[in-house]
Amino acid sequence: MKIGVLALQGDFDAHRKRLEELGAEVVLVKKPEQLDEIDGLVIPGGESGTFLKLLGEAGFEKLKQFVRVRPTFGTCAGAILLANEVENPKQTGLGALDIRIRRNAYGRQIDSSIRQGKLIDGKSGESPIEMVFIRAPKIERVGPNVEVIATEGSDPVAVRQGRVMAATFHPELSNDTRVHRAFLKLVSNGKNT
Ligand code: GLN
């Protein structure tokens with residue numbers, strides 16, 4: 001399985017390591033044409049506004065086409081990019097997830113924190129999971145076709161809609177590999193259909 005990690009900016013290397021540990025072949029995506037050679041894509045954390053600038057209009061359009069047809073997983077800034085409604089400030093999104101997401105929603109005081117949340121699995125139910133939040137956004141609205149796959153307190157913090165997954169925390173910074181494994185499963189299911 002060939003997985004791309006968008007490597008324009010941000011913490012792409014931690015995703016690369018995790019995916020390689022799990023047996024995937026990783027391509028660091030720096031040019032739009034590289035999207036043609038991969039089965040799935042991870043959009044890492046960073047600064048979503050900067051991602052938009054670095055992508056440029058052509059890169060953004062190419063990425064928009066990609067996320068419509070291929071499995072994609074966005075963490076933090078990546079989750080912001082995938083949304084169809086972005087607040088604080090308003091910003092363009094790829095529209096792959098029917099969610100409203102608010103950037104930097106936890107304020108300066110609790111900029112970053114490690115908390116325990118719950119991972120929700122259709123088969124095995126709920127189980128605790130460590131979550132690393134860094135200047136995290138908050139998912140304020142979840143559309144009817146969006147499944148909540150993790151919560152922290154009463155907030156949804158990871159969601160899935162079809163082939164697209166997003167988390168407002170950073171699973172690549174914890175030792176737990178379950179979230180990345182769930183994404184790889186999504187990619188391998190996609191390959192078989
Ligand atoms: N605050 C960043 C943004 O709004 C996201 C932070 C992150 O990716 N860790 O884009």
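Positions are given from 1 along the sequence. Atoms within a ligand are numbered from 1 in the order they appear, just like the ligands themselves.
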Measure the distance from [atom] to every protein heavy atom, then report the residue, atom name and distance (to 0.1 Å) of the closest one.
atom: atom 5 (C) of ligand 1; result: G46 O, 3.4 Å
atom: atom 3 (C) of ligand 1; result: E47 OE2, 3.4 Å
atom: atom 7 (C) of ligand 1; result: C76 SG, 2.8 Å
atom: atom 1 (N) of ligand 1; result: N104 OD1, 2.7 Å
atom: atom 4 (O) of ligand 1; result: R103 NE, 2.6 Å

Contact atoms of ligand 1, heavy-atom distance to [X] under 4.0 Å:
X: I80; answer: 3 (C), 4 (O), 10 (O)
X: G45; answer: 8 (O)
X: S48; answer: 3 (C), 4 (O), 10 (O)

Should the heavy atoms of other residues, nucleotides or ligands under 6.0 Å from CZ of R68 be counted, would the total exceed 12?
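Open: at most 12 neighbouring heavy atoms sit under 6.0 Å from CZ of R68.
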
With a 4.5 Å limit on heavy-atom distance, are the side chains of Q91 and L52 in contact?
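Side-chain contact under 4.5 Å: yes.
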
Considering only heavy atoms from C-beta outward, does the side chain of R16 approach that of I3 to under 4.5 Å?
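With C-beta onward as the side chain, the pair stays apart.
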
Side-chain (D121) to main-chain (S124) donor-acceptor, under 3.5 angstrom:
yes

Okay, side chain of Q34, backbone of L28: is any donor-acceptor separation there less than 3.5 Å?
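Between the backbone of L28 and the side chain of Q34 there is a qualifying donor-acceptor contact (under 3.5 Å).
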
Determine the interplanar angle of the H15 and F73 rings, folded into 0 to 90°, and report it as parallel if under 30°, tilted if 30 to 60°, perpendicular if over 60°.
perpendicular

Do any nitrogen or oxygen atoms of G49 lie less than 3.5 angstrom from nitrogen or oxygen atoms of ligand 1?
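No; every N/O pair is 3.5 Å or more apart.
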
Give yes or no for whether the N/O distance cutoff of 3.5 Å, strictly under, is met between T75 and ligand 1.
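The answer is no, given that T75 and ligand 1 share no N or O pair closer than 3.5 Å.
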
Should E21 and R18 count as an ion pair when the cut-off is N to O under 4.0 Å?
yes

